[in-house]
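Given the structure is predicted, the values throughout are model-derived calculations rather than measurements.
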Amino acid sequence: MGKSKKSKARVAGDDLLDSSDADSLASSSTAISDLSISYATEHINSQEFVLDKYIDALYEKRGSTREAALSKLVDAFESFMLHGIVENKYATLLSQFNNSVKKGSTKESCLASRAIGLLAITLGAGSSSHEVMEESHPQLSKVLQSWSDAIKMISALDCLSVITFVGASDLAETEFSLKAMWDVIHPKSGSNVGTVRKPKPPLLAAGLSAWTFLLTTIGSWRINTDSWKEPIAFLSTLLEAEDRAVRMAAGEALAVCFELNLLDVSSFEDADVSSGATGGPKNKLFLDMQALKAKIAGLASNLSSEAGGKGADKKNLTDQRDLFQRILDFVKYGECPEESVKIAGKRDVLRVSSWCELIQLNFLKRFLGRGFLKHVQENGLLQDIFDIKTDTTETLSSTDKARKNAAMLIE
């Protein structure tokens, strides 16, 4: 569709520019501009009409019809930047998405969870995405607490992490979601808890990944080190898990903990340590954290050089070795991981140089799928996250530029 519109605009422009008359030349320039904006406006209106049809289909009783509509909406969120179209429709979309999470089949629920996350990313940080988080959190939490369907739970974990990442406005909201995810990673027994469940490796790895992605946002919000001792100790035990994906997810989580200094007990906060006391609670915490650091460094060293053995998956083994060598280099020498992704043209490259940035990059690449480059190029949220300052209009066609201008006019 885009190619045919470009060719039509080019033909119309060539016909008009054949005139040698100066007035005709000026007239032709105006005509081309008007024509381009007309095409752009028609395209946007057409998108909105199609989206409205998909939204109407979400009200249908037949589950397969709702699934098909959700699939098309997910595809649209990936393929286009729809902020100008959905900003006045997000409440309707959100209501239907949450209904599908609550009442739909596994497939419908997973599609709806993904759609909610994509909606939040499209809306960007602000009151609208905050509402998405507030309205969706209860239903997603129910999915996580039910333990009825691991596939649904994995989708809910991803969604909860994304909508909190985008929509949370303070530490309390972030902690609320972190706790909901941690209860899947490390369920506990207690008077208010029934049978203690143990997540299987795929669910555990997904939970760790979602939890770590959200953990990258706490920054200066960090609470006292003592509260992190137990989670970090549990994460260190997962470095010895049988499943490689779990080991790697735990390793990434611990790398972020190191980078955020969650294992550090600052001497200026610690009278027991600075005074040389040996029996105080702060001194014990300091020693415990030092022991944990040593244990994690030792396990990372072993995993960075693990032998393959017969029948081992060589690619995954190589990935594990590379990951834990990076973690070991960071823990021992403070060397940060570096990675780059080409996002447009020859010079526009997204670069990350910290564990938090790398985790955010990899998670968003996976969650957005084929829509990642589109969102990096045009979504202000991702450009803010990765500090991208690039004029993407240099790489756009004339019709695409007109679409952007027309969208701005319509908004």
Would the distance check show the side chain of [X] and the main-chain N or O of [Y] forming a donor-acceptor pair, the cut-off being under 3.5 Å?
X: Gln383; Y: Gln377; value: yes
X: Ser79; Y: Ala76; value: no
X: Ser304; Y: Gln325; value: no
X: Ser305; Y: Ser301; value: yes
X: Ser177; Y: Thr174; value: no
X: Asp243; Y: Pro202; value: no
X: Ser113; Y: Ser109; value: yes
X: Arg247; Y: Ala241; value: yes
X: Ser209; Y: Ala205; value: no
X: Gln139; Y: Asn98; value: no

Can you measure from [atom1] ([X]) to [atom2] ([Y]) and round to the nearest 0.5 angstrom?
X: Phe97; Y: Cys159; atom1: CZ; atom2: SG; value: 10.0 Å
X: Trp211; Y: Leu178; atom1: CH2; atom2: CG; value: 7.0 Å
X: Lys365; Y: Leu373; atom1: NZ; atom2: CG; value: 8.5 Å
X: Glu135; Y: Ser95; atom1: CD; atom2: OG; value: 8.5 Å
X: Leu214; Y: Ile218; atom1: CG; atom2: CD1; value: 9.0 Å
X: Leu254; Y: Ile327; atom1: CG; atom2: CD1; value: 7.5 Å

Could you go through the salt bridge (Lys or Arg N to Asp or Glu O under 4.0 Å) check for Arg66 and Glu108 one step at a time? CA-CA 7 Å; Arg66 297 194 303 271; Glu108 182 179 346; 2.8 Å; yes
Less than 4.5 Å apart, any side-chain heavy atom of [X] and any of [Y]?
X: Leu203; Y: Leu157; result: yes
X: Ile343; Y: Phe386; result: no
X: Val331; Y: Lys293; result: no
X: Cys356; Y: Val256; result: yes
X: Glu87; Y: Thr122; result: no
X: Val349; Y: Val341; result: no
X: Ser146; Y: Lys142; result: no
X: Lys72; Y: Tyr54; result: yes

Steps toward side-chain contact (heavy atoms from CB on, under 4.5 Å) verdict (Ile296, Phe258): CA-CA 10 Å; Ile296 292 166; Phe258 271 104; 3.7 Å; yes
If you count the non-hydrogen atoms of other residues, nucleotides and ligands that lie under 6.0 Å from NZ in Lys295, is the total more than 12?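 Correct, the count exceeds 12.
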Is atom CZ of Phe176 surrounded by more than 12 heavy atoms (other residues, nucleotides or ligands) closer than 6.0 Å?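 12 or below, so no.
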Least distance between heavy atoms, [X] atom then [Y] atom:
X: Val143; Y: Ala156; result: CG1-CB, 3.9 Å
X: Ala300; Y: Leu328; result: CB-CD1, 4.4 Å
X: Ser129; Y: Ala120; result: CB-O, 4.2 Å
X: Phe77; Y: Leu93; result: CZ-CD1, 4.4 Å
X: Thr212; Y: Ala249; result: OG1-O, 4.4 Å
X: Thr164; Y: Met133; result: CA-SD, 3.9 Å

Partner residues of Glu67 under the side-chain hydrogen bond (donor to acceptor under 3.5 Å, both in side chains) criterion, sequence neighbours left out: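 Ser105.
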Tell me, with the steps shown, if Leu94 and Ser136 meet side-chain contact (heavy atoms from CB on, under 4.5 Å). CA-CA 8 Å; Leu94 182 60; Ser136 303; 3.3 Å; yes
State plainly whether the residues [X] and [Y] are in salt-bridge range, i.e. N to O under 4.0 Å.
X: Arg366; Y: Asp158; result: yes
X: Lys374; Y: Glu378; result: yes
X: Lys89; Y: Asp52; result: yes

As a quick check of understanding, evaluate side-chain contact (heavy atoms from CB on, under 4.5 Å) for Asp329 and Phe324, giving each step before the final call. CA-CA 8 Å; Asp329 290 342; Phe324 283 99; over 6 Å; no
For [X] and [Y], does a side-chain donor sit closer than 3.5 Å to a side-chain acceptor?
X: Ser353; Y: Glu338; answer: no
X: His130; Y: Glu173; answer: yes
X: Gln360; Y: Thr216; answer: yes
X: Asn302; Y: Glu306; answer: no

Which class fits the ring pair Phe234 and His186: parallel under 30°, tilted 30 to 60°, perpendicular over 60°?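 If you compare the ring of Phe234 with that of His186, the planes turn out parallel.
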Could you tell me how the ring of Phe363 sits relative to the ring of Phe367: parallel (under 30°), tilted (30 to 60°) or perpendicular (over 60°)?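 Answer is parallel, since the angle falls under 30°.
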After noting the C-alpha distance and the side-chain angles of Phe213 and Leu364, does the key distance pass the side-chain contact (heavy atoms from CB on, under 4.5 Å) rule? CA-CA 9 Å; Phe213 174 66; Leu364 288 169; 4.0 Å; yes
Checking Glu339 against Arg326 for the salt bridge (Lys or Arg N to Asp or Glu O under 4.0 Å) test, could you report, in this order, the C-alpha distance in whole Å, the side-chain angles of both residues, the deciding distance, and whether it holds? CA-CA 12 Å; Glu339 201 157 309; Arg326 287 170 133 186; 3.7 Å; yes
